[in-house]
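Each remark here refers to the structure printed beneath this line.
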2 protein chains.
Amino acid sequence: MSTAKELKEAGLKTTLPRLRILSVLEGSQGHFTAEDVYKALLDAGEEIAFATVYRVLTQFESAGLVLRHNFEGGRSVFELDDGQHHDHMVCVKCNKVTEFYDEEIEKRQQAVADKHGFKLEGHSLTLYGICKECQ
Amino acid sequence: MSTAKELKEAGLKTTLPRLRILSVLEGSQGHFTAEDVYKALLDAGEEIAFATVYRVLTQFESAGLVLRHNFEGGRSVFELDDGQHHDHMVCVKCNKVTEFYDEEIEKRQQAVADKHGFKLEGHSLTLYGICKECQ
DNA sequence: GTATATGCAAAACTTTTGCATCCTT
DNA sequence: AAGGATGCAAAAGTTTTGCATATAC
């Protein structure tokens, strides 16, 4: 799965800034604010404009390549969308983000929506607490 | 449950702006952006500064009188904290907010946290979709 | 009277946008 | 060559803050 191909399939031109941002998102952490991405590129010695980071992340979101989350704290957090839905646990001390998936929770959400005649289109579930390492 | 008493118990002086904001929050809708509160007061002919609305809401949050939510859309939403925990369904068309509570979801969240050695302190669950009226 | 709260304006932050220039195809 | 992308700077939107004045106790 070449990153260039991913861009093509999303209908986006293969440009250096986009490839660089994609490669950051594919890094180990998985969850990034726009600033995280910007700094990661600067640290790697790669020039980029902050506005471009936002524009590209927004395009990636529209193209379905990236998910955007609004955790507490006011800043958007972005992650690659691998198609596997999951929810998040965020450590309030170190900000580490851990993913999880619980079939029963998913089912109950749908049941709750159904009960209210609400047509469910998506959801956001985030657990806040202290991760094992920070306790 | 006089509102003045609520303020006293929270350790806050009983001032007119605070009483007015409290009375807005006690209104029927239940969920307000800072702007909602500000406009409600202006519409009622009561002068107030936008900064005061934010300051008071933030104080109320610290005092445990009010909960602050970060739904999609970037603006904070505030509601009185009546002590009864609940989650939210937000209509993506009319922005109406409906509350719900599901015991099973709560339990599963704790179970997920336990499984990861995560000390759960809170959570945020919001369902997005189209409410009955908007369909 | 003293401490605290408010109003106003300005600042701080995050995110978006206009426009000239540059790059991809 | 043509359309779209980037960089820069400025704007927009939300929330916070400094400071003089006003208010609660």
Side-chain angles (χ1 to χ4, degrees), chain A residues 2-24 31-42 45-63 65-78 95, chain B residues 2-24 31-42 44-63 65-79 95:
Chain A
S2 92
T3 52
K5 183 183 270 184
E6 291 181 74
L7 289 176
K8 280 279 169 56
E9 288 169 357
L12 297 168
K13 276 190 189 171
T14 308
T15 65
L16 215 42
R18 284 177 182 157
L19 290 172
R20 285 173 171 163
I21 290 171
L22 257 190
S23 81
V24 169
H31 298 80
F32 304 84
T33 62
E35 191 186 9
D36 290 337
V37 172
Y38 178 65
K39 286 200 173 148
L41 290 176
L42 288 198
E46 314 198 301
E47 294 286 316
I48 196 166
F50 213 150
T52 301
V53 172
Y54 271 106
R55 237 181 321 227
V56 168
L57 287 173
T58 302
Q59 291 164 337
F60 284 3
E61 185 192 9
S62 301
L65 289 176
V66 154
L67 295 173
R68 178 186 197 129
H69 305 291
N70 299 290
F71 298 149
E72 287 176 3
R75 294 149 74 174
S76 295
V77 171
F78 301 85
N95 283 314
Chain B
S2 93
T3 50
K5 183 182 270 184
E6 292 181 75
L7 289 176
K8 280 278 168 55
E9 288 170 357
L12 297 168
K13 275 190 188 167
T14 309
T15 66
L16 214 43
R18 284 177 182 156
L19 289 172
R20 284 172 172 165
I21 290 171
L22 257 191
S23 82
V24 169
H31 297 82
F32 303 84
T33 62
E35 191 187 8
D36 290 337
V37 173
Y38 177 65
K39 287 201 171 148
L41 289 176
L42 288 198
E46 316 198 299
E47 294 287 316
I48 196 166
F50 213 149
T52 301
V53 173
Y54 270 106
R55 240 180 321 224
V56 169
L57 288 173
T58 303
Q59 292 163 339
F60 284 2
E61 186 192 7
S62 301
L65 289 177
V66 153
L67 295 173
R68 178 186 198 131
H69 306 291
N70 298 289
F71 299 147
E72 288 177 2
R75 294 150 74 175
S76 295
V77 171
F78 301 85
E79 70 170 325
N95 284 314

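Throughout, a chain's letter reflects where its sequence line sits, starting with A, and its residues are numbered from 1.
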So which protein N/O to nucleotides 22-25 of chain C N/O distances come out below 3.5 Å?
from, atom 1, to, atom 2, distance (Å)
C/dT24, O2, A/Lys13, NZ, 3.4

Would you compute the distance between atom NE2 of B/His69 and atom OG1 of B/Thr33 and round it to the nearest 0.5 angstrom?
13.0 Å
Quick one, B/Arg68 and B/Thr58 - any side-chain contact, counting heavy atoms below 4.5 Å?
yes
Value in whole Å for how far the C1' atom of D/dA22 lies from CD of B/Glu47:
15 Å
Please produce a list of atom pairs where a protein N or O lies less than 3.5 Å from an N or O of nucleotides 12-15 of chain C.
from, atom 1, to, atom 2, distance (Å)
C/dT14, OP1, A/Arg75, NE, 3.4
C/dT15, OP1, A/Ser76, N, 2.9
C/dT15, OP1, A/Ser76, OG, 3.0
C/dT15, OP2, A/Tyr54, OH, 2.0
C/dT15, O5', A/Tyr54, OH, 3.2

Would you mind reading off the distance between B/Gln59 atom CD and D/dT17 atom C1', rounded to a whole angstrom?
13 Å
When the distance from CG of A/Leu19 to P of D/dA5 is rounded to whole Å, what number comes out?
13 Å
Taking the side chain of B/Leu12 as its heavy atoms from C-beta onward, which of D/dG7, C/dA5, D/dC8 lies nearest to it?
C/dA5
How close do B/His31 and B/Val77 get, heavy atom to heavy atom, and via which atoms?
CB-CG1, 3.8 Å
Taking CD in B/Glu47 as the centre, count heavy atoms belonging to other residues, nucleotides or ligands within less than 6.0 Å. Is the count above 12?
no
What integer distance in Å separates B/Leu57:CG from C/dT6:P?
11 Å
B/Thr52 vs A/Pro17, nearer the 5' end of DNA chain D by closest nucleotide:
A/Pro17
May I ask you to verify if any side-chain N or O of A/Arg18 is less than 4.0 angstrom from the OP1 or OP2 atom of D/dA5?
yes
Check whether any side-chain heavy atom of A/Leu57 lies under 4.5 Å from a side-chain heavy atom of A/Phe32, and answer yes or no.
no
Identified side-chain contact (heavy atoms from CB on, under 4.5 Å) counterpart of A/Pro17 within the set A/Leu22, A/Thr52, A/Leu41:
A/Thr52
Between B/Arg20 (CZ) and C/dA5 (P), how many Å, whole number?
17 Å
Hey, does the side-chain of A/Arg55 have a donor or acceptor N/O within less than 3.5 Å of a partner on the base of D/dG4?
no
